[in-house]
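Note that ligands are numbered from 1 as they come in the structure, with each ligand's atoms numbered from 1 the same way. If you read the sequence from its start, that first residue is 1, and numbering goes on from there. Treat the numbers as computed from the prediction; the structure is a model and nothing was measured.
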Amino acid sequence: MQWTRSETLALAQQSCTYCYGLGLKQGRSGVSTPCNCVFRAIFRACYARFKQCTSKEKYVSRVSLESNPGRQRKSVWGLKNEEFIADFCLVSRRTLDEKQHKLFSYHFLLGADWKMCCRKLNMDRGTFFHELYRIEGKLGRTFRELEPHALFPLDEYFSSTGRSQVATVTPFPVQTEKPAQTKPIFKFPVRRAA
Ligand SMILES: [Zn+2]
């Protein structure tokens, strides 16, 4: 994927001392790369949505009929919120190393504060926050650059336009235009294998 100046500018932290709010910093080879504050902003947005999805009651979840690309082209029932929760956890598991994932689980998934994490992981406050920023940056970048379906921008992930032929429907049998090709099968959240 290609990063654009307008995208990094919108996400950058105005008080950032590395990029001065521009969202881009000069790399060693003279090529501009997105600043860590941009990646962290992406992570925070995804984490906020993750918390929102996990706190919702089951019946609020949105069910949508989505076409599954590939040779068989079957349509599947998707639960957006549950998919996002699964993606958030699985991508983090794959991206982080074991030590980082432990901190990530304690702090972001289990809600332990820095004091509890430091005690459990046997590290000081400075090391904890240094590691936390690195994790946020690493995950933010992955969430945005993930192929073929990035977790960020969130509206693209949750909207129908991000994927081909996605239609929001009621969870009851529906008459489709081409029943033979779009035979719905009921399938639970995780569409992409780990
Ligand atoms: Zn910055």
Side-chain angles (χ1 to χ4, degrees), residues 1-56 80-81 83-159 161-163 192 194:
M1 67 148 289
Q2 202 74 39
W3 285 92
T4 59
R5 185 175 284 269
S6 56
E7 186 178 8
T8 57
L9 194 64
L11 292 162
Q13 195 184 345
Q14 293 308 304
S15 58
C16 180
T17 50
Y18 293 100
C19 68
Y20 305 105
L22 293 173
L24 285 170
K25 53 179 189 174
Q26 204 78 3
R28 275 183 209 144
S29 52
V31 181
S32 294
T33 53
C35 179
N36 211 40
C37 69
V38 171
F39 297 141
R40 289 183 55 215
I42 292 172
F43 173 81
R44 283 197 300 271
C46 290
Y47 181 53
R49 181 55 84 93
F50 169 79
K51 282 200 287 188
Q52 198 189 1
C53 288
T54 50
S55 63
K56 268 183 190 165
K80 283 280 176 203
N81 293 337
E83 262 173 37
F84 186 79
I85 293 168
D87 280 346
F88 184 88
C89 293
L90 286 171
V91 172
S92 302
R93 179 82 206 99
R94 279 205 302 261
T95 308
L96 304 172
D97 63 36
E98 205 178 315
K99 213 175 144 194
Q100 288 175 326
H101 189 258
K102 217 171 200 178
L103 194 157
F104 169 83
S105 304
Y106 288 158
H107 186 64
F108 293 110
L109 303 183
L110 301 173
D113 62 7
W114 70 267
K115 281 182 192 167
M116 211 183 276
C117 288
C118 287
R119 210 167 42 231
K120 196 86 184 151
L121 299 165
N122 199 21
M123 56 171 63
D124 59 62
R125 189 176 187 271
T127 314
F128 170 80
F129 281 104
H130 182 75
E131 201 54 36
L132 193 73
Y133 290 170
R134 281 191 57 184
I135 289 170
E136 289 179 348
K138 201 172 174 180
L139 289 179
R141 177 173 211 148
T142 310
F143 289 164
R144 178 66 187 93
E145 294 181 348
L146 196 70
E147 302 274 0
H149 302 301
L151 271 77
F152 191 89
L154 294 163
D155 56 343
E156 265 177 41
Y157 183 96
F158 284 89
S159 78
T161 50
R163 294 156 202 217
R192 276 149 271 155

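Legend: residues meeting ring pair (Phe, Tyr, Trp, His ring centres under 6.0 Å) with F50, ordered by chain and number and at least two apart, are F88.
Using cut-offs of 30° and 60° for the angle between ring planes, the Y157 and F84 rings count as perpendicular.
For R44, the CZ atom is densely surrounded, since the number of other residues' heavy atoms within 6.0 Å is greater than 12.
With Y133 as the aromatic partner, R40 meets the cation-pi criteria of under 6.0 angstrom to the ring centre and within 45 degrees of the ring axis.
Distances under 2.8 Å from the Zn ion (ligand 1) pick out the protein N/O/S atoms C16 SG, C19 SG, C35 SG, C37 SG.
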Considering only distance and modelled atom types, tabulate donor-acceptor pairs under 3.5 Å from the side chains of residues 11-21, sequence neighbours left out.
| unit_1 | atom_1 | unit_2 | atom_2 | d |
| --- | --- | --- | --- | --- |
| Q13 | NE2 | S15 | OG | 3.2 |

For residues 120-128, tabulate all N or O donor-acceptor pairs below 3.5 Å that involve a side-chain atom, not counting sequence neighbours.
| unit_1 | atom_1 | unit_2 | atom_2 | d |
| --- | --- | --- | --- | --- |
| D124 | OD1 | G126 | N | 3.1 |
| D124 | OD1 | T127 | N | 2.8 |
| D124 | OD1 | T127 | OG1 | 2.8 |
| D124 | OD2 | T127 | OG1 | 3.1 |

